[in-house]
There are 2 protein chains.
Amino acid sequence: METSTTQTIEQQTKITLPRELVSTPVLLLMRLGFEVKARAIAELGEEGFTPYHFGVLAMLEEGECETQATIADTLALDRSQLVGLLDSLEERELIERRRDSHDRRRQAVSLTPAGKRVLGRLRTIIGGIEEEFFVPLSAEEREELYRLLLRLAQHHDPRCPPPS
Amino acid sequence: METSTTQTIEQQTKITLPRELVSTPVLLLMRLGFEVKARAIAELGEEGFTPYHFGVLAMLEEGECETQATIADTLALDRSQLVGLLDSLEERELIERRRDSHDRRRQAVSLTPAGKRVLGRLRTIIGGIEEEFFVPLSAEEREELYRLLLRLAQHHDPRCPPPS
DNA sequence: TATTGTTATACTCTATAACTATA
DNA sequence: TATAGTTATAGAGTATAACAATA
């Protein structure tokens, strides 16, 4: 039988977060969001990509030939920030830029077949993080969590696509 | 009568996120974590504080007179980063540093009464964000979300305090 | 020699502003 | 004059390294 009264020595010296910092969903959301983002940055980074790259590729697959301004506005990036992002994708021939003949200021951006393949690869990486990160939850709990988070996102971000 | 064949002008110009970016809990977690963190930074910032300040003050209230190394390790901050953080709190007389007489390398950090009051104020701000952010969820849903997030945090962060 | 707190340095991100070419 | 894309610049934030005092 255990004889410890309150805490073992390990627990006393063990580092534990202040209770308050895990006492509310806001703080947990900040913490977990940061953690999962860090993983995404690390794992995508191993292949030379960032979450931004994933966002751009995913957007191009759904709506082909977007203009740079549209992409930037949709993903809430600064237009100047997008330039370098697209440069790095174009160098690797994952996207193409071609001038709009009707308005030569504009560039239509589109996904190449190689870009589509890379998107699949990045998708797999994200999926792997998902499997790893949500392992303590059952499929039903995962689904429930997703529903709740989606409701929050739809409420706070007008850019969220309509259901279905 | 409208003559557009496929889409109305509003739909063409309306910005909506790619579906894939809201199709999975990982991506939503990243997005919402970022959003809620941005709010915390903004609202705490109005009073001259950051989420880090809140973390430090909360920790000091639960365990008085921690050493700087302990604080840094617990909150996963670099020790050099903590210095400036404590400086800014000490200037405002919200914390005190005093040398450990047994080991003069160490500084024991403690909360002043003013610091305790400020902690209460920051707590209120965080509470306000919580109310605002989770408004689309019922009390039960909020509780359910909290339970799920806490399970994830406990699984992925060994520093999480044991239940109750 | 190792550790605590501190200071100094460098590097990444992001935000802003200026510039060009087209309209 | 205004807009799309680009480039340049500056600032915040963070990570790393060197340092002084003490053990």
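Letters go in sequence order (proteins before strands), and every chain restarts at 1. What you see below is based on every heavy atom in this structure, not just the backbone, and it leaves out hydrogens, waters and symmetry mates. This is a predicted model, so every value here is computed, not measured.
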For A/Ser101, side-chain contact (heavy atoms from CB on, under 4.5 Å) partners two or more places apart | none
How close or far is atom C1' of C/dC13 from atom NZ of B/Lys37, stated in whole angstroms?
-> 13 Å
Sequence-distant partners of A/Glu96, side-chain contact (heavy atoms from CB on, under 4.5 Å), two or more places apart | A/Ser110, A/Thr112
Specify the separation, in whole Å, of atom CZ of A/Arg104 and atom C1' of C/dT20.
-> 13 Å
Is A/Gln68 near enough to D/dT6 that one of its side-chain N or O atoms lies under 4.0 angstrom from OP1 or OP2?
-> yes
Roughly, in whole Å, what's the span from CG in B/Asp103 to P in C/dG5?
-> 9 Å
Identify whether the distance between the nearest side-chain nitrogen and carboxylate oxygen of A/Glu62 and B/Arg19 falls below 4.0 Å.
-> no
Nearest-angstrom distance from the residue atom CD1 of A/Ile41 to C1' of D/dT14 = 13 Å
Does A/Thr67 put a side-chain nitrogen or oxygen below 4.0 Å from OP1 or OP2 of D/dG5?
-> yes
Of the nucleotides D/dA17, C/dT14, D/dT6, which one has an atom closest to the side chain of B/Ser80?
-> D/dA17
Could you tell me the separation between the CG atom of B/Leu82 and the P atom of D/dA15, rounded to a whole number of Å?
-> 14 Å
In this structure, are over 12 heavy atoms from other groups packed under 6.0 Å from B/Arg98 atom CZ?
-> no
Please answer whether the main-chain N or O of B/Phe133 pairs with a side-chain N or O of A/His156 as donor and acceptor at a distance below 3.5 Å.
-> yes
Is A/Asp78 touching bases, backbone alone, or none of the nucleic acid, heavy atoms closer than 4.0 Å?
-> base
Quick one: the side chain of B/Arg105 and the base of C/dT3, do they pair up donor-acceptor inside 3.5 Å?
-> yes
Using a 4.0 Å heavy-atom cut-off across all strands, classify B/Arg79 as base, sugar-phosphate, or nothing.
-> base
Assign each of B/Asp100 and A/Thr70 to its nearest nucleotide of DNA chain D by heavy atoms, then name whichever residue's nucleotide is nearer the 5' end.
-> A/Thr70
Whole-Å distance between D/dT6 C1' and A/Arg106 CZ?
-> 17 Å
Just call it for A/Arg97: base, sugar-phosphate, or nothing, with non-hydrogen atoms closer than 4.0 Å on any strand.
-> sugar-phosphate
Let me know the distance between CG of B/Leu75 and P of D/dT14, rounded to the nearest Å.
-> 13 Å
Please give, in whole Å, the distance from D/dT6 C1' to A/Gln107 CD?
-> 10 Å
